Structure formats: C-alpha cells, structure tokens
Amino acid sequence: MSELTPLTGEALNALRDEFDADGTSRLAMNAVTAAGIEKVARNYDRARLLQRRFSTVVDNGEATHQDRSGRCWLFSSLNVARFIAKKNMNLKEFEFSQNYAMYYDKLERVNYFLKDMAALVEAGEPSDSRLVQHLLADVMGDGGQWTMAMNVYKKYGAVPKDLFPETESSKNTREMNVQLRALLHTAVAHMYAAAGDQAAIDQIVADTTAAGHRILTIHLGEPPVSFDWEWTDKDGEFHRDGEITPVEFWKKYVGPAGLEDYVCLVDDPRAEHAKGKKIGIEHLGNVAGGDATEYLNVPNQFMKDCVKQILVEQGIPVWFGADCHPFMDRENGAWATDLFEYGKVYDFDFDLDKEARVRFGDSAMNHAMAFAGVDVADDGSTRRWRVENSWGSKIADKGYFTMSDDWFTEYVYEVAVPKTMLPEEYQKALEEPATMLPAWDPMGALA
C-alpha cells in the first residue's frame with residue numbers, strides 16, 4: 001500500500017481562506033450553528049405543499065410506540081395483524097403484546113446463534129474470520145424481518161397486550177441486550193476452547209440456552225402459556241372464548257388472513273442481481289427450522305402496484321421496510337426526496353443513485369412500518385402514501401406519516417404481500433433456489 005499523503009498546514013490554510021472568502025458559506029455557518037441543519041435546509045415550499053390527504057385510508061387506530069427499542073419489525077407486523085384481529089372481534093381498539101413476541105424471538109435467536117456458531121466451530125472456521133467477527137458484532141440486536149416475525153407467530157402465536165404488558169427492559173432494551181451479547185460471546189469463546197470435543201460444545205449450547213432463558217424471563221417476565229379471553233365489542237356485546245393458548249388465539253383471529261403465506265419482495269438495485277429472481281442471506285434467521293429469510297427481487301414499480309392493490313381492494317395495511325433517515329421530517333411526519341436542500345447549504349452535489357447508495361454503504365433498510373393509505377391520481381398513478389409508524393402519537397399526524405411517491409422509489413426496499421398476487425413467472429421463481437448472499441450483504445440489513 002502506498003504511503004498516505006498528509007493534510008498539510010498549507011492546504012488547510014487554503015481551505016480556510018476559501019471558506020472565509022465565500023460569503024454564502026459563512027452565512028450558512030451562522031444559520032446552521034444557531035438553528036441546526038434541518039431547519040436551515042428544510043424546503044419550505046415542498047413541506048407546505050406535501051398534503052396529508054389520501055384517496056384511500058386504512059384506519060388502524062392509535063399509533064403504537066416502540067419506545068427505546070429496535071422492535072419496529074415486530075410492531076409493524078403486529079399492527080397489520082391487529083387490524084385483522086380488530087375486524088374479526090369487532091373491536092375499535094386492540095393491541096398485541098410486542099413484549100411477548102420479542103421474548104420468543106430473542107429466546108429462539110439465542111438457540112439459532114449458538115447452533116450456527118457450533119457448526120462453524122466444528123467446520124474449522126477461524127475465530128478471526130470476517131464471517132465469525134460479523135456474527136459476533138451483529139448478535140442480539142432488536143432488528144428483524146417479516147419472515148422472522150411470522151416464524152415467531154407460527155410457533156408461539158400472540159397474546160393481547162394487557163395480558164403480557166411492557167416492562168422496563170422491553171421499552172429500553174439496551175442493558176438486557178448487553179448482557180445477552182456478553183453471554184453469547186462467552187459461549188463462543190468456550191466453544192473455540194473446546195474445539196474437537198463435540199460433547200463439550202453441546203453442553204455449552206445447552207447451558208447457555210438455559211442462561212439466556214433465565215435472563216430473558218428476569219427482564220421481560222414469564223409469558224403466559226394459556227389465558228382466559230373475553231371482551232366487549234364496539235357494539236357493546238360481550239364475548240367469551242374461555243381458556244385459549246396464544247397459538248390458538250393467533251390462528252382464530254389472525255390466521256384466516258393468511259399472513260404466514262405472504263412473500264417478501266425486495267428492490268435490490270444492483271445490476272448483478274437480476275429482477276424476478278430469489279435472493280437470500282446466509283446465517284440470517286431467528287427460529288431454527290423456521291422459514292428461511294429469502295426475498296424475490298422485483299422492480300420498485302411492481303412493489304408499488306402490489307401495495308396499492310392491497311390498500312384499495314382489500315383495505316388491509318401493508319408491512320414494508322425502508323431506510324427511514326434520509327429527508328425525514330420526524331416532528332411533522334413527512335418524507336420527500338426534496339424535503340431538505342442539503343446540497344444547497346453545503347455547496348455539494350450528493351449525486352448517488354439508489355444502486356450506488358446501496359453499493360457504497362450509504363443506504364440500507366433500517367426501519368419497518370405499515371402502509372395505511374395511498375393517494376391515487378385519476379390516471380392510476382400513485383402520488384403519496386400514508387404510513388403507520390411505531391413512534392407514538394405525539395408526532396406527525398397522530399403518529400401517521402406522509403411519504404411522497406418519489407421517496408418510495410428511492411428508499412423503500414421491501415414489502416410483504418400475498419403470494420397469490422404474483423404473476424406466473426414470479427410464482428415459478430419462488431420455487432427456484434435462492435442466490436445466497438454473504439451475511440454482511442446490505443440486503444441482510446435488519447429493520
């Protein structure tokens with residue numbers, strides 16, 4: 001590697017002189033240091049003209065709040081499910097326990113990680129390999145995918161929120177995750193020390209799984225195995241199911257909608273990944289023996305068409321994953337690609353397209369939400385989208401955001417839709433093996 005050229009004092013002085021001579025840059029400095037970049041760069045005309053009116057609205061009630069946790073993928077999938085459950089039980093308001101879903105996701109993830117690492121140790125994978133180091137760094141976060149959520153609900157079902165409410169650690173997962181991560185790191189170190197002794201490694205897996213269960217139960221509580229369910233619907237009629245298990249509850253009130261049979265469509269913009277083909281991510285999952293985390297790579301416009309059709313014709317919210325940070329007005333609840341004029345403030349052309357942003361680490365899915373409305377123009381094109389977020393009801397339009405159609409194009413990466421919506425060629429593509437991408441590929445980013 002050639003020697004790196006230092007930034008010299010002369011070069012730094014030249015940069016200072018250039019900045020001082022530029023009145024616009026100095027004006028930008030005065031404004032941003034006093035008010036912050038978002039207030040200075042905010043495009044006033046675009047912000048005031050981004051309407052909150054939609055030709056189709058799916059009313060899902062009060063916005064939920066994930067607090068200081070990364071459970072958006074669970075909140076958003078359960079927001080889709082609660083819409084269905086409310087309809088089936090004739091309820092005005094209802095919420096599933098996100099704590100219950102997280103408990104079993106993390107317990108299953110402990111097992112998945114330990115079994116995966118044990119296999120790598122047995123195969124002779126070096127402890128300092130890129131793969132092992134990536135898995136160690138990425139373990140026990142809160143993020144996930146639609147398929148991972150369905151794996152949890154299929155195996156463990158769901159319960160009403162008031163029967164397994166939030167705890168301090170479910171609302172703020174940091175300390176619990178630190179302990180779980182340390183537990184798993186310790187187990188992997190012991191596995192490598194015991195390499196070649198399969199019985200010893202199996203014992204490490206068993207002991208660590210038991211410890212993980214103990215930690216999760218201490219932090220989150222002990223989830224119900226069954227419960228008595230009774231409710232009064234919005235017409236004042238009383239109902240009683242009697243004793244029911246979480247799996248039975250899920251199957252009865254959500255199962256008929258077929259969410260478990262949905263497929264994940266992604267927009268991978270990289271030219272080497274053909275549209276109409278399946279892709280998967282190695283070592284990505286939560287429930288051992290559950291469905292693999294795989295996607296069908298499709299054009300972004302096809303994703304839009306599917307979402308629009310579901311909202312307009314079926315009236316059901318649609319789960320999706322996006323890179324939520326670019327051009328976001330969090331307080332007012334808006335996304336548009338021209339909502340902030342950063343380039344004009346900095347005098348720099350941020351010219352990367354979607355493919356380049358993914359390829360060079362500038363963008364990846366990091367948040368999951370649910371589409372709950374769309375504005376369709378007279379010619380059938382989509383103009384803007386209504387989004388149910390999980391950041392509480394005190395921001396945006398009581399927790400609901402507005403997304404411009406061009407922002408969907410640039411920053412939405414994944415949607416979950418019924419398999420039956422897909423044309424024949426896509427149905428056939430789902431039967432083919434997925435092209436597997438490495439664990440660190442950006443398409444494996446978790447919401």
Side-chain angles (χ1 to χ4, degrees), residues 7 11-52 63 65-70 72 141-143 172 174 269 320-369 384-387 389-413 442 445-447:
L7 177 64
L12 179 56
N13 286 333
L15 291 174
R16 288 170 174 159
D17 291 342
E18 181 181 357
F19 185 90
D20 290 341
D22 182 358
T24 302
S25 292
R26 292 194 60 81
L27 187 63
M29 178 185 69
N30 293 339
V32 172
T33 54
I37 185 61
E38 290 198 352
K39 289 183 179 179
V40 175
R42 188 168 183 264
N43 184 339
Y44 170 74
D45 286 335
R46 185 66 172 110
R48 67 183 176 85
L49 295 174
L50 186 61
Q51 299 291 329
R52 288 177 172 173
H65 202 326
Q66 67 188 74
D67 288 291
R68 299 177 64 183
S69 73
C72 58
D142 290 342
N172 184 353
R174 181 182 177 277
F320 75 98
D323 179 3
C324 72
H325 299 304
F327 304 101
M328 174 180 67
D329 183 342
R330 180 186 178 109
E331 193 63 28
N332 294 294
W335 288 288
T337 58
D338 55 352
L339 192 56
F340 295 91
E341 300 177 302
Y342 300 113
K344 291 183 178 180
V345 177
Y346 299 130
D347 190 25
F348 184 84
D349 186 8
F350 296 96
D351 62 355
L352 297 185
D353 61 13
K354 191 172 189 176
E355 179 177 4
R357 289 194 297 270
V358 170
R359 193 178 299 279
F360 294 100
D362 191 60
S363 182
M365 185 180 76
N366 52 39
H367 190 48
M369 296 163 282
R384 55 185 172 266
W385 304 83
R386 184 173 186 253
V387 175
N389 210 336
S390 54
W391 292 344
S393 58
K394 294 182 179 179
I395 59 171
D397 181 13
K398 297 181 180 178
Y400 286 80
F401 281 54
T402 299
M403 175 194 300
S404 70
D405 193 66
D406 58 343
W407 197 94
F408 187 128
T409 303
E410 295 297 325
Y411 297 104
V412 171
Y413 287 98
L446 299 179

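Computation of the quantities below employed the complete heavy-atom set of this structure, encompassing side-chain atoms and omitting hydrogens, waters and symmetry-equivalent molecules. What you are looking at is a predicted structure, and each value in this text was computed from that prediction instead of being measured.
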Evaluate the side-chain proximity of Asn366 to His325: yes if any heavy-atom separation is below 4.5 Å, no if none is. yes
Output yes when Arg42 and Glu341 qualify as a salt bridge under the 4.0 Å nitrogen-oxygen rule, no when they do not. no
Using every non-hydrogen atom in the two residues, find where Cys72 and Ala368 come nearest and quote the distance to one decimal. SG-N, 3.3 Å
Donor-acceptor contacts, no H, no angles, side chain residues 392-400, under 3.5 Å, sequence neighbours left out:
from, atom 1, to, atom 2, distance (Å)
Tyr400, OH, Gly61, O, 2.8

Could you walk me through whether Asn332 and Arg52 pass the side-chain contact (heavy atoms from CB on, under 4.5 Å) check? CA-CA 11 Å; Asn332 294 294; Arg52 288 177 172 173; 4.3 Å; yes
Considering only NZ, NE, NH1 and NH2 on the basic side and carboxylate oxygens on the acidic side, decide whether Arg48 and Asp45 come within less than 4.0 Å. yes
Between the side chains of Asp323 and His367, is a donor N or O closer than 3.5 angstrom to an acceptor N or O? no
Taking Arg357's backbone N and O only, do any of them form a donor-acceptor pair with Asp362's side chain (distance below 3.5 Å, no angle check)? no
Have Ser390 and Gln66 got a donor and an acceptor in their side chains that come within less than 3.5 Å? yes
Just checking Asp347: does its CG atom have more than 12 heavy atoms from other residues, nucleotides or ligands closer to it than 6.0 angstrom? no
Ring center gap for Trp407 and Phe327 short of 6.0 angstrom: no
Is the number of heavy atoms from other residues, nucleotides or ligands under 6.0 Å of Glu331 CD greater than 12? no
As a quick check of understanding, evaluate side chain to side chain donor-acceptor pair (under 3.5 Å) for Asp406 and Ser404, giving each step before the final call. CA-CA 6 Å; Asp406 58 343; Ser404 70; 2.2 Å; yes
Enter the distance from Asp20:CG to Arg16:CZ here, rounded to the nearest 0.5 Å. 9.0 Å
Distance check, rounded to the nearest 0.5 Å: Phe320 atom CZ versus Tyr411 atom OH? 14.5 Å
So, are Asp405 and Arg384 salt-bridged, with charged N and O less than 4.0 Å apart? no
Atom pair CE (Met403) and CG (Asn389), whose distance is rounded to the nearest 0.5 Å: 9.5 Å
Of all the heavy-atom pairs spanning Phe401 and Gly333, show the shortest one and how long it is. CD2-CA, 3.3 Å
Taking every heavy atom of Leu339 against every heavy atom of Ala334, the minimum-distance pair comes out as CD2-O, 3.6 Å
Under the side-chain contact (heavy atoms from CB on, under 4.5 Å) rule, what do Asn172 and Asp67 come out as? Steps first, then yes or no, please. CA-CA 7 Å; Asn172 184 353; Asp67 288 291; over 6 Å; no
Donor-acceptor pair, side chain of Trp335 and main chain of Cys324, under 3.5 angstrom: yes
Heavy-atom count check: over 12 atoms from other residues, nucleotides or ligands less than 6.0 Å from Phe350 CZ? yes
Residue pair Met328 / Glu38: nearest heavy atoms and the distance that separates them: O-OE2, 4.1 Å
If I compare all heavy atoms of Ala364 with all of Pro442, which pair ends up nearest, and what's the gap? CB-O, 4.1 Å
Which atoms form the tightest heavy-atom contact between Val32 and Ile37, and what is the distance? CG1-N, 3.8 Å
Tyr413 and Val358: side-chain contact (heavy atoms from CB on, under 4.5 Å), yes or no, with the steps? CA-CA 10 Å; Tyr413 287 98; Val358 170; 3.4 Å; yes
Does the structure place the NZ or CZ of Lys39 under 6.0 Å from the centre of the six-membered ring of Phe340, at an angle of no more than 45° from the ring's axis? no
